[in-house]
Amino acid sequence: MSLQAPEFFAALHLPAPSGTTVGTTYYATPIAGSPLRLRIDFTGTQYRNAYGGLRLTVTHAERGTIDAVALSFADHGTFRRRQGELHGRNMPDTFNITIARPGKPSWEGADFTGLRDAIERYTGVWFPGAWKASVPSRAASRSAHAVPAPPTTRGGARTR
């Protein structure tokens, strides 16, 4: 079974119109005409064919690597919901291409919300405005409700 990297990156809904997957790596120029490029690779684990997260690298066309960050699936809850006979054992916060169900991607049951939000925050530093045309963050919309202010009452006691 292959990693199916193009399908994985498509499921992330990354906004770069010039983005493309070559092998297991995603390449993009999020801001047209910019010398900055984005590269996203899978980070391995100590086990063969198992992946624990993504590594995002920002490179300059002439100066090379500028910055890089590793985002683990565990830290972003990517596989928290996914439990079952294949994924509940050994490494629940990774995906392993050798134990995927036939006809299903190895990341079946993944929740990309936290991971995508982390990618959006990171790329927002290096590629401001690149996510404007993108779908709004689902995590932000979940908590976008007003919290009422505490009532203001005057007590007889003085505070310092």
Side-chain angles (χ1 to χ4, degrees), residues 1-31 34 36-61 63-144:
M1 161 140 300
S2 71
L3 177 59
Q4 299 174 326
E7 293 84 357
F8 181 92
F9 292 122
L12 277 173
H13 300 292
L14 301 173
S18 64
T20 189
T21 303
V22 178
T24 61
T25 304
Y26 177 82
Y27 297 94
T29 305
I31 298 177
S34 171
L36 296 179
R37 309 289 187 261
L38 175 65
R39 175 183 171 151
I40 304 176
D41 297 293
F42 291 91
T43 58
T45 65
Q46 65 184 6
Y47 301 99
R48 184 173 160 223
N49 295 325
Y51 301 93
L54 298 176
R55 179 177 173 83
L56 284 65
T57 306
V58 175
T59 59
H60 188 278
R63 297 183 195 134
T65 300
I66 293 179
D67 192 49
V69 65
L71 304 175
S72 76
F73 296 139
D75 290 346
H76 298 93
T78 307
F79 297 111
R80 187 173 297 139
R81 290 186 317 175
R82 182 188 73 180
Q83 296 299 325
E85 63 185 59
L86 293 178
H87 304 293
R89 57 181 193 211
N90 297 340
M91 302 177 299
D93 292 317
T94 66
F95 71 86
N96 187 320
I97 63 175
T98 58
I99 62 170
R101 293 187 338 189
K104 299 289 185 178
S106 50
W107 63 87
E108 178 185 12
D111 178 5
F112 292 118
T113 306
L115 187 62
R116 186 174 189 278
D117 289 344
I119 293 170
E120 181 177 355
R121 285 190 308 274
Y122 178 76
T123 57
V125 172
W126 297 103
F127 307 101
W131 288 75
K132 284 183 182 177
S134 178
V135 178
S137 166
R138 289 182 275 165
S141 64
R142 279 197 306 253
S143 60

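No hydrogens, no waters, no symmetry mates; every other heavy atom, side chains included, goes into these values.
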Which residues share a salt bridge (Lys or Arg N to Asp or Glu O under 4.0 Å) with Arg121, sequence neighbours left out: none
For the atom pair [atom1] ([X]) and [atom2] ([Y]), what is the distance rounded to the nearest 0.5 Å?
{"X": "Leu14", "Y": "Ile119", "atom1": "CG", "atom2": "CD1", "answer": "5.5 Å"}
{"X": "Asp41", "Y": "Leu56", "atom1": "CG", "atom2": "CG", "answer": "9.0 Å"}
{"X": "Leu71", "Y": "Arg55", "atom1": "CG", "atom2": "CZ", "answer": "10.5 Å"}
{"X": "Ile31", "Y": "Leu38", "atom1": "CD1", "atom2": "CG", "answer": "11.0 Å"}
{"X": "Asp67", "Y": "Thr57", "atom1": "CG", "atom2": "OG1", "answer": "8.5 Å"}
{"X": "Glu7", "Y": "Gln4", "atom1": "CD", "atom2": "CD", "answer": "5.0 Å"}

Under 3.5 Å donor-acceptor, [X] side chain and [Y] backbone:
{"X": "Arg116", "Y": "Leu12", "answer": "yes"}
{"X": "Thr45", "Y": "Gly52", "answer": "no"}
{"X": "Thr43", "Y": "Gly53", "answer": "yes"}
{"X": "Arg39", "Y": "Thr25", "answer": "no"}

If you compare all heavy atoms of [X] against all heavy atoms of [Y], which two are closest, and at what distance to 0.1 Å?
{"X": "Val58", "Y": "Tyr122", "answer": "CG2-OH, 3.7 Å"}
{"X": "Tyr51", "Y": "Phe42", "answer": "CD2-CB, 3.5 Å"}
{"X": "Ala28", "Y": "Gly19", "answer": "CB-CA, 3.8 Å"}
{"X": "His76", "Y": "Leu115", "answer": "CB-N, 3.7 Å"}

Any side-chain heavy atom of Phe127 sitting closer than 4.5 Å to one from Thr29? no
Aromatic rings Phe8 and Phe112: how do their planes relate, parallel, tilted or perpendicular, breaks at 30° and 60°? perpendicular
Residues passing the side-chain contact (heavy atoms from CB on, under 4.5 Å) test with Thr21, sequence neighbours excluded, are Ala5, Pro6, Phe9, Tyr26
